[in-house]
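Working notes, structure below.
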Number of protein chains: 2
Amino acid sequence: MDTTKRARYDSYEAPACPVEASLELIGGKGKGILLYHLLEGKLRFNELGRRTGGMTARMLTKQLRELEFVGLVRRDVYPEIPPKVEYSLTAAGVSLTPLLHLLKEWGEQHAIELLNNLKTPQ
Amino acid sequence: MDTTKRARYDSYEAPACPVEASLELIGGKGKGILLYHLLEGKLRFNELGRRTGGMTARMLTKQLRELEFVGLVRRDVYPEIPPKVEYSLTAAGVSLTPLLHLLKEWGEQHAIELLNNLKTPQ
DNA sequence: CCGGATCCCCGATGATACTG
DNA sequence: CAGTATCATCGGGGATCCGG
């Protein structure tokens, strides 16, 4: 069974608000970086791991499986020794391009600063 | 103390990736809808509650406090009987306008459909 | 009207070890 | 290389009741 993929979407009610629906799909932990790096093209599992720094293999697998399950990411397995698995964006995933760029831009211009100022409040 | 506001930001390490930083700020449960409705202008607590449907008062308070704490939302209290509290966007909050509209657009065009197709897979 | 305080459960996540 | 299995933890979030 593919309960691993479904996991967090079992007995799940889609939000009526489109803004929430979008955030539901791309807002998971680490999904932002993963999608952003996949804009470059196909990437292998460990390569994605390297680019996301502190993500454990377990989390990496989980987030990628969820992205695959909702239809934003494609997973291609090459039955070789050693194994080779490539991840890439589906058409729906590619349609995220402007959104991901805007998220990056706003992050650079506002988010990073807002988060850093939390340490020295008032 | 304002530990209530800080809560989820205590012992918190800001993400290096700007995309993740943005999602960290606006990706919380219900934050998307809240920010989106606040684009219209000042709104009172119960009015926000009505617009967000299934959100409990507790969650509403929590999310609004976090948005206030990071500097995206301003909270104005009018010491009256009965109490009156108005929420509005700060300058940083207003700077989210294009991002929120894009999130809504992508949600309408892709996210809603992707989420609905999860019920009838394969 | 706008919350605060408490109790409590369960899923999300980390650490670690193992495998085809 | 690309994961899986298992254990343990921890905090998010619902339910409920209380207060100015």
Side-chain angles (χ1 to χ4, degrees), chain A residues 1-13 15 20 23-24 27-34 38 42-69 73-88, chain B residues 1-13 15 20 23-24 27-34 38 42-69 73-88:
Chain A
M1 60 296 203
D2 65 348
T3 38
T4 49
K5 297 180 183 179
R6 301 196 50 108
R8 78 181 294 239
Y9 292 107
D10 277 342
S11 67
Y12 169 76
E13 206 112 354
E20 286 297 311
L23 289 173
E24 170 69 37
K29 175 156 189 168
K31 290 205 174 82
I33 320 183
L34 288 174
L38 284 173
K42 288 177 187 287
L43 286 175
R44 300 182 60 173
F45 184 83
N46 279 351
E47 177 60 26
L48 281 168
R50 255 168 262 128
R51 302 195 180 207
T52 53
M55 260 181 111
T56 65
R58 178 186 152 81
M59 261 303 102
L60 200 50
T61 302
K62 195 193 167 212
Q63 300 303 326
L64 285 169
R65 287 295 202 286
E66 287 181 8
L67 289 172
E68 182 194 1
F69 181 69
V73 160
R74 172 172 36 244
R75 178 168 175 265
D76 293 315
V77 181
Y78 299 81
E80 309 171 353
I81 305 278
K84 176 178 169 183
V85 179
E86 283 183 340
Y87 293 90
S88 54
Chain B
M1 61 295 205
D2 64 348
T3 38
T4 49
K5 297 180 184 179
R6 302 196 48 111
R8 78 182 294 237
Y9 291 108
D10 278 341
S11 68
Y12 169 77
E13 208 112 353
E20 286 297 309
L23 289 173
E24 170 70 36
K29 173 153 190 169
K31 290 205 174 83
I33 320 183
L34 289 174
L38 285 172
K42 289 177 185 288
L43 287 176
R44 299 183 61 176
F45 185 83
N46 279 351
E47 176 60 25
L48 282 168
R50 255 168 265 128
R51 301 194 181 209
T52 52
M55 257 182 113
T56 66
R58 176 188 153 79
M59 261 303 103
L60 200 50
T61 302
K62 195 193 168 211
Q63 300 303 325
L64 285 168
R65 286 295 201 285
E66 287 181 8
L67 290 173
E68 182 194 0
F69 181 69
V73 160
R74 172 170 37 243
R75 179 169 175 263
D76 294 314
V77 181
Y78 298 82
E80 308 170 355
I81 306 280
K84 175 179 171 184
V85 180
E86 283 183 341
Y87 294 90
S88 54

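We name chains A, B, ... by the order of the sequence lines, and we start the count at 1 in each one.
- The shortest heavy-atom contact between Tyr87(A) and Leu38(A) is O-CD2, 3.4 Å.
- None of Glu66(A), Arg65(A), Arg58(A) except one satisfies the side chain to side chain contact (heavy atoms under 4.5 Å, CB included) rule with Lys62(A); the exception is Glu66(A).
- A 4.5 Å side-chain heavy-atom check between Glu24(A) and Tyr9(A) finds at least one atom pair inside the cut-off.
- In terms of heavy atoms, Ser88(B) sits closest to Lys42(B) at CB-CG, 3.8 Å.
- Computed from coordinates, the Glu86(B) CD to dG3(C) C1' distance equals 16 Å when rounded to whole Å.
- Between Ile81(B) atom CD1 and dG20(D) atom C1' there is a gap of 7 Å when expressed in whole angstrom units.
- Close to dG4(C), at under 4.0 Å from its OP1 or OP2, lies a side-chain N or O of Arg65(B).
- Glu80(A) has its CD atom 12 Å from the C1' atom of dA2(D), to the nearest Å.
- Of the candidate nucleotides dG3(D), dC1(C), dG20(C), dG20(C) has the atom lying nearest to any side-chain atom of Pro83(A).
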Between the protein and nucleotides 13-18 of chain C, list the N/O to N/O atom pairs that are separated by less than 3.5 angstrom.
{"unit_1": "dT13(C)", "atom_1": "OP2", "unit_2": "Lys62(A)", "atom_2": "NZ", "d": "3.1"}
{"unit_1": "dT13(C)", "atom_1": "O4", "unit_2": "Arg58(A)", "atom_2": "NH2", "d": "3.4"}
{"unit_1": "dG14(C)", "atom_1": "OP1", "unit_2": "Lys29(A)", "atom_2": "NZ", "d": "3.2"}

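- Side chains of Thr52(B) and Met59(B) form no contact here, defined as non-hydrogen atoms less than 4.5 Å apart.
- Atoms CE (Met55(B)) and P (dG12(D)) sit 14 Å apart, rounded to a whole Å.
- When all heavy atoms of Arg44(A) and Glu86(A) are compared, the pair lying nearest together is CG-CG, 4.1 Å.
- Nucleotide dA2(D) holds its P atom 15 Å from the CD atom of Glu68(A), rounded to whole Å.
- Contact between the side-chain N/O atoms of Tyr9(A) and the OP1/OP2 oxygens of dG11(C) is not found at any separation under 4.0 Å.
- Rounded to whole Å, atom C1' of dA2(D) lies 15 Å from atom CG of Asp76(A).
- Distance check: Thr61(A) OG1 to Met55(A) CE gives 8.5 Å after rounding to the nearest 0.5 Å.
- Positionally, the nearest nucleotide of DNA chain C for Ala57(B) lies more toward the 5' end than for the other of Ala57(B) and Pro82(A).
- Within 4.0 Å (heavy atoms only), Tyr78(B) reaches no atom of the nucleic acid at all.
- In this model, the phosphate group of dG3(C) is approached by a side-chain N or O of Tyr87(B) to a distance below 4.0 Å at OP1 or OP2.
- Note: CD (Glu47(A)) to P (dA2(D)) measures 10 Å, nearest angstrom.
- If you take CD of Glu24(B) and C1' of dG12(D), they are 13 Å apart, rounded to a whole angstrom.
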